[in-house]
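For reference, the structure is listed below as structure tokens.
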Amino acid sequence: MPMQRDVADTNTERADRFEARAKRQAARVIRKIVLLAVSLITCMWAFIGWSLWTEYAGACAVGRTEGYNLSVALARELTGRLDAANAALESIVDAVKSDSGREAGLGRPIAAIVKDGSAVRIVGPDGRRLFTSLNPDPGPTDFTSNATFVRHRDNASTALTVDAYTADPAGPFIQVSRRLETAEGRFAGEAVLLMNPATLLVLPGLFDLGHRGVVVIADANGIARAGFDRNNLTGGIGVGVDLSGGVYPQSVMPGQTAVFSRIGRIMKVDREITLHRLRRYDLRVLVALDLDDVLGPARLHIWLIGVAGLGATGLMAVLSLLLIREVWRRIKREIDLAYDRDRLRRAHIQIQADRAQLAETNRELLASKDLAETANRARTQFLAHMSHELRTPLHAIIGFSELIQQQAPSKPGSPPIAGYAADILGSGRHLLALINTILDISKVESGTATLSETVFPVADLVRASVVSVRSQAEARTIALEVDLPEAVVRLRADRTRLLQVLINLLSNAVKFTPDQGRIVLAVSISAGGELVFSVTDTGIGMTEAEIAVAMEPFGQVESTLSRSFEGTGLGLPLAVKLTELHGGRLEIVSTKGRGTTVKVCLPRERVVQREPARAEGGR
């Protein structure tokens, strides 16, 4: 056994080492899975980030390119418009020089100017308005304090001038002016061209500026002089709004372009703004595109790619978790299998030990069986020998006591020898019956008892058994009844043994039934074909525990000191043994204080014949 415990301990240590090794291996595999998943997710998001940045940068580049191209085209258009205005003003200047300021010489160039919606003002050298094509002209009549007039009057080199923004009552015109001189070079006043903003740019109507795109013409101070969008091409959007400040570029070289992003001043939306300064005029063209229009497709692609990336990340995470769980499950199964193998090894060792112990126990049991059989044979031989030895003197005692009882003197005054002889005779017969009963039980238990089977009517057996106990029942006024089937039933059995069984049952019933009681011996055929003898009394009855005691040899329900009924306790056990010797069974159903029913059930094979009842009754 110590060696077996050592082997079991070794198996347990082996399983523990395997568990530790398997867990370390699982941890390594899980680390590799996690690192691989993290690497794949990192690479995927790096690619997604690069793609998103490329998409965003490409959209911004496209927006800048569109803004640059549109600003350059608009700047060229505006430059052409201003060149035409300059040429018109030059014609007025030439007319003034040639005609010495006569108004009649101005008709042709003024008519060419005003036909496109613009207007002309002529200011004299004294600052008074000499001529206007506006009818009526709500503007001022005295320009002596006007900064542009003062500049033209005081500086002979001043050429074409585009005025800074001023709120003119005539409307949101852009004022372009030239100095007027006489043929002798004296200051002759100022020619002012009031240009309608709607005539400055035509291209905004030819391009899609988006939902909230705006084209703005601003002066050198950043004041909006005209504004256009897709729904308003009159140029009146945002006029007078100060666009400077923040990231607005204050110094841009002529012909150069600047690009910046900010919240729009005209409409408060995020914009990407391209500013282009005209080469020959101090004006700026701003193309302000809505970032939602510029980056809308890119943002949609970014959102879709981001959602796809999140989905792929979640899928990788779920797959990694499932893989990790499967690894743990497999490791756990392997560990469980290792411990199961360990338990099987220990169980195998224990089974071997138990097998050896069982073999030893079997040897001991066989030896005990041999001893028991030897003792049983010795007991049987002893009982048989003793029964012979006891029967011989008992027969002599019984015979001599009968002789003494018959020949004893019966004269008055004689000693009561006959009574003494009767007592000796009764005691001898009781002792002989007891010895016979013990010998019968011993034979049945040892397997040496045999049956002397014959075929006989059941009714004869019942009547013989009743005759044996009728005198006892009548002495106590106990009604003894017999209930036989209508048909004549013949039975193949040992008549003497069955008669002994019925007599023992009837004797017990009479013994334990009070006076004026009732006992019924009934014979019936069960549904299964068994022959059933039942003895029912109205006696004292028994409990389940008392029935178990009564079934044991020498069993007495009452104690020795308080026993009220005579008997050795061998009648019922002998009835059980003899019934079983016939292949049947004995059943007891009893209720304390109400009576007992004992049934002797014999197998159907022993019922050999059934005949209709004869003329005499069945009782």
Side-chain angles (χ1 to χ4, degrees), residues 26-74 204 206-216 227-231 237-238 243 245-249 257-276 285-330:
R28 287 194 295 270
V29 172
I30 290 173
R31 282 197 298 270
K32 291 180 180 179
I33 293 173
V34 172
L35 290 175
L36 179 61
V38 170
S39 300
L40 289 176
I41 292 174
T42 302
C43 293
M44 181 186 69
W45 277 107
F47 176 75
I48 291 174
W50 176 80
S51 300
L52 297 180
W53 174 252
T54 302
E55 184 80 15
Y56 182 83
C60 290
V62 170
R64 285 194 296 268
T65 301
E66 291 180 355
Y68 175 79
N69 293 335
L70 187 55
S71 66
V72 171
L74 294 174
L206 304 178
F207 292 93
D208 185 9
L209 298 176
H211 295 288
R212 291 178 291 188
V214 177
V215 175
V216 179
F228 307 85
D229 65 5
R230 64 188 299 181
N231 298 320
I237 296 177
L243 304 179
V247 296
Y248 185 87
T257 302
V259 180
F260 59 95
S261 298
R262 73 172 185 184
I263 300 294
R265 295 293 179 86
I266 297 176
M267 286 188 289
K268 304 299 183 181
V269 294
D270 285 333
R271 296 187 180 281
E272 185 176 78
I273 302 172
T274 303
L275 183 149
H276 186 84
V285 176
L286 289 83
V287 177
L289 300 177
D290 188 357
L291 277 179
D292 290 338
D293 293 333
V294 175
L295 301 178
R299 287 175 177 173
L300 178 60
H301 293 166
I302 290 171
W303 186 83
L304 293 176
I305 293 174
V307 170
L310 290 176
T313 302
L315 180 60
M316 287 185 184
V318 171
L319 291 177
S320 300
L321 290 176
L322 292 176
L323 184 58
I324 290 172
R325 187 178 67 174
E326 185 63 25
V327 169
W328 273 116
R329 284 182 176 177
R330 290 193 176 185

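Summarising the geometry of Ile302 relative to Leu52, their closest heavy-atom pair is CA-CD2, 3.4 Å, with the distance given to 0.1 Å. Contact between Arg265 and Lys268 at its shortest, heavy atoms only, is O-NZ, 3.8 Å. The shortest heavy-atom contact between Gly213 and Arg271 is CA-NH1, 4.0 Å. Minimum interatomic distance between Ala57 and Arg64 (heavy atoms only, all atoms of both residues): O-NH2, 4.5 Å. Heavy-atom minimum distance, Leu289 versus Gly63: CD1-O, 4.1 Å.
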- prompt: Between Val259 and Ile273, is a side chain to side chain contact (heavy atoms under 4.5 Å, CB included) present by the stated rule, with each step listed?
  reply: CA-CA 6 Å; Val259 180; Ile273 302 172; over 6 Å; no

- prompt: Going through the distances and angles, do Val214 and Arg212 end up as a side chain to side chain contact (heavy atoms under 4.5 Å, CB included)?
  reply: CA-CA 6 Å; Val214 177; Arg212 291 178 291 188; over 6 Å; no

query: When you look at Trp50 and Thr54, which way does the side chain to side chain contact (heavy atoms under 4.5 Å, CB included) test go after all the steps?
result: CA-CA 6 Å; Trp50 176 80; Thr54 302; 3.5 Å; yes

task: Could you check Thr274 against Leu70 for side chain to side chain contact (heavy atoms under 4.5 Å, CB included), going step by step and ending with a plain yes or no?
output: CA-CA 9 Å; Thr274 303; Leu70 187 55; over 6 Å; no

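Contact of the Trp45 side chain with the Thr313 side chain is registered, since non-hydrogen atoms from C-beta on lie closer than 4.5 Å. Between Leu74 and Phe228, the closest side-chain pair of non-hydrogen atoms is not below 4.5 Å.
To the nearest 0.5 angstrom, Arg325 atom CZ is 11.0 Å from Leu323 atom CG. To the nearest 0.5 Å, atoms CG (Leu304) and CD (Glu55) are separated by 10.0 Å. Separating the OG1 atom in Thr257 from the CG atom in Asn69 is a distance of 10.0 Å, to the nearest 0.5 Å. To the nearest 0.5 Å, the span separating CD1 on Ile324 from CG on Leu319 amounts to 11.0 Å. The CG atom of Leu35 lies 11.0 Å from the OG atom of Ser320; values are rounded to the nearest 0.5 Å.
Counting heavy atoms of neighbouring residues, nucleotides and ligands inside a 6.0 Å radius, atom CZ of Arg262 exceeds 12 of them. The number of heavy-atom neighbours closer than 6.0 Å to CZ of Phe260, taken from other residues, nucleotides and ligands shown, is above 12. Around the OH atom of Tyr68, the shell of radius 6.0 Å holds no more than 12 heavy atoms that belong to other residues, nucleotides or ligands.
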